[in-house]
Amino acid sequence: MVYGRFPRSKDWSRVAGGKESNINILLIKSPPCRTVVQTGAEDLYFRQKAAFHDLSTAERLLAELCEQSKMVSVITDANLISRQDVVIQASHSDEVFQLNGDGAPLNGHEDFNGISMKETNFSSTDYSEKGEEKEDTKSLLARSEGRNSQTSSTKGSWCSRLEYVCQCCMWKYHDQPDDDDGCCTKCSWFLMCPPHGRIAKLVCILVLAFLTWAVPWSIVPNEALPGGNLFGIIILLLSCLAAGWLISHIPLPGIPPLPPLLGMLIMGFLLRNVPYIDVAKYIEPKWSSSLRLIALTVILTRAGIGLDGKALFKLKWVLLGFAVSTSIVECVVVAAFSTIMIGFPWDWGFVIGFVLCAVSPAVVVPSLLYLQDKGFGVEGGIPTFLIAGAALNDVIGITGFNVVLGMIFSDGDLVEKIIHGPLELVFGIGGGVILGIFLWYFPPANLKGRNGYRTGLLLGLALFCGFGSKVVHYAGAGALATLVMSFVAGVKWGKEKKPVAKTFANLWVIFQPLLFGLIGASVKIESLKPETVGMGTALIFTGLAFRSVTAFLAVYWTAFNMKEKVFMTVAWVPKATVQAAIGAVALDMATEKEASEEVIGYGTKVLTIAVLSILLTAPTGAAAIGLLGPKLLKRSPQDDEEKAAP
């Protein structure tokens, strides 16, 4: 049996595959009715002319359906006007197939919505034994005309009478417009009552946006008014969400959608530097720093859970060499050239080097999945290789950054600073492993709602690592511990980690605009010096040049063909997520520790160059992957066959 729901339309197409079908139709109706069809035809295409709102209308439309599809028998039972379904049963089958209003099959259930199948006499055999007369389509149409004339008199309640009067402005009493209809017809249908479709969704979004501001205002009125800290955060959040959605929906033929983070970053910059809308300048630095750290914790936890230990072990040395070599070479090159171009000391040179050496999963992963869905590179495992490499590449960048930064801001003499770096690694990795093993056994397996406890424990421990490590002056260890802890926990959880990962993905929806918006708002246009922008741009492209050569050489002796090697080199360019997450950390630490103006200046330059790297590489990298992927990667044979099929 094949089952499905009629979409509303003004025309019918290929009903029952053009074949004659002896079908019994049982009407079970109470408004609003969704029509569901089942038949023995192999290729069934069906359309519904209008929604059903009373039994007579249902009979009229089903009669028309039977006439066009040559279904020869229709059985209606007025005693069954208590369901919201239409059940259609092939007469050659003794089995009753029923579907509820949502189109879900209820096969094999003795009781159907409280009514026994025996009582309802659903079987076509039962009807034939009772001698039910099979009505033709003309008699059905005539009978429905008579019932329509009595509709207004049979409606008893005042609510039903009011609905009957207002039918002209209610969408369910009208046909859904076709693509060929004019704009006026479509707009009038969408604006009918009650709100539905996109209009209803828009109303929900607007009410949620209003409540996002109204609830804080009802608690702390002064902070939620223009000029207040919370007002700036709320407007930044809502504006960045809108900007991210807008830029990701810009139609670019042949190119994957632009990453939302690009629009969020630009919106944050505008809300900080454009007069009259510069609400972001009222956000307190302490709040900004804390929110960015929470966002960093969320993205690190997602990255750790998302790491596939089996895939990493399977790819082994090729992946390790590809991810590690490109990171180390770019970091060293940027550190060396920054001492010449920017005037950084060597320790700050490695800070900016580790910031720039990480590729962005937020750009690379969606772009690769876009190609993977079309079948490009799947046979050679290119998307899997690059996605796993991106995660490992980010681990190297974040770990190195935090170790070097911990050494710079550690108190004590030179020996203590040298020891501080290795201690960051020991505490971060060791603490992460211990906490990850703890999450293997807690919460216990027999605890109800285990996934909720897991999510709460993982998030709480991650936040404690992030903020607690700053208190004990080992800030780098906190980020590393968060990453290791989530990875170790995910290895043991296996497939059970999916609900936890989904929760953190939902959290990222909120903290992504906060992170990128606050990063953009941290860049003050008055602090941007032309020489910093110019030299920073040159530094970025210098590092990318060495990175690209290293990436190509790292896969040159592998089994990938030449075009795939070129593509992997191009895909290793975009930067965004890590640069936004850690780009402002150095400036925050310098400000919190009340460092000298020179050190604060270094932190400002690091942030500026990080933002420049996002603006220069994120959109161009996404466009390059989308344009070059179909030209350089081989399409899998199955996708070629599907494409060639009529």
Side-chain angles (χ1 to χ4, degrees), residues 244 247-266 303 306 311 315 318-319 322-323 325-327 330 356-394 397 512 516 540-541 543-556 558 560-580 612-636 639 643:
I247 202 167
S248 64
H249 283 75
I250 296 177
L252 299 172
I255 300 178
L258 292 175
L261 58 90
L262 188 62
M264 298 171 184
L265 190 71
I266 295 173
L315 296 170
V318 176
L319 177 62
F322 182 71
S325 62
T326 52
S327 297
E330 185 176 13
L356 295 181
C357 75
V359 73
S360 173
V363 180
V364 173
V365 173
S367 300
L368 291 174
L369 293 179
Y370 174 84
L371 295 175
Q372 181 174 290
D373 292 339
K374 294 180 177 296
F376 292 105
V378 175
E379 189 175 356
I382 304 295
T384 302
F385 181 86
L386 291 175
I387 290 172
L392 183 58
N393 192 259
D394 291 349
Q512 183 186 21
F516 290 103
I540 292 168
F541 284 109
L544 284 176
F546 280 86
R547 177 189 183 90
S548 299
V549 173
T550 306
F552 182 78
L553 294 176
V555 295
Y556 183 76
T558 61
F560 299 112
N561 61 46
M562 186 58 65
K563 290 184 177 181
E564 291 173 340
K565 295 170 185 175
V566 173
F567 175 79
M568 294 168 71
T569 302
V570 173
W572 222 229
V573 168
K575 305 177 186 298
T577 313
V578 175
Q579 288 71 27
L612 282 174
S613 69
I614 300 173
L615 296 176
L616 293 173
T617 64
T620 55
I625 293 174
L627 290 173
L628 296 178
K631 298 179 180 179
L632 298 177
L633 297 180
K634 182 180 179 181
R635 194 184 183 101
S636 61
D639 293 279
K643 185 177 180 181

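Ala554 and Ser325 get closest at one heavy-atom pair: CB-OG, 3.9 Å. Across Pro574 and Ala622, no two heavy atoms sit closer than the pair CG-N, 4.5 Å. Across every non-hydrogen atom of Val573 and Leu544, the tightest pair is O-CD2, 4.0 Å. Closest heavy-atom contact between Ser613 and Gln579: OG-CG, 3.5 Å.
The side chain to side chain donor-acceptor pair (under 3.5 Å) contacts involving residues 563-573 comprise Thr326-Trp572, where partners must be two or more places apart or lie in separate chains. Legend: salt bridge (charged side-chain N to carboxylate O under 4.0 Å, His left out) pairs involving residues 382-394, not counting sequence neighbours: none detected.
The shortest distance between side-chain heavy atoms of Ile266 and Leu615 falls below 4.5 Å. The closest side-chain heavy-atom distance from Phe322 to Leu386 is below 4.5 Å. At a threshold of 4.5 Å between non-hydrogen side-chain atoms, the residues Pro630 and Leu371 count as touching. Annotation: side chain of Leu262 is not in contact with side chain of Phe516 (no heavy-atom distance under 4.5 Å).
Of the possible donor and acceptor atoms, one in the side chain of Arg547 sits under 3.5 Å from a partner among the backbone N and O of Cys357. Remark: the backbone N or O of Ser327 is not paired with any side-chain donor or acceptor of Glu330 at under 3.5 angstrom.
The distance from atom CE of Met568 to atom CG of Leu633, rounded to the nearest 0.5 Å, is 9.5 Å. The distance from atom CZ of Phe376 to atom CG of Leu628, rounded to the nearest 0.5 Å, is 12.0 Å. Phe567 contributes atom CZ, which lies 12.0 Å from atom CG of Asn561 (distance to the nearest 0.5 angstrom). Rounded to the nearest 0.5 Å, atoms CD1 (Ile540) and CD1 (Ile614) are 9.5 Å apart.
Phe546 CZ: 12 or fewer foreign heavy atoms inside a 6.0 Å radius.
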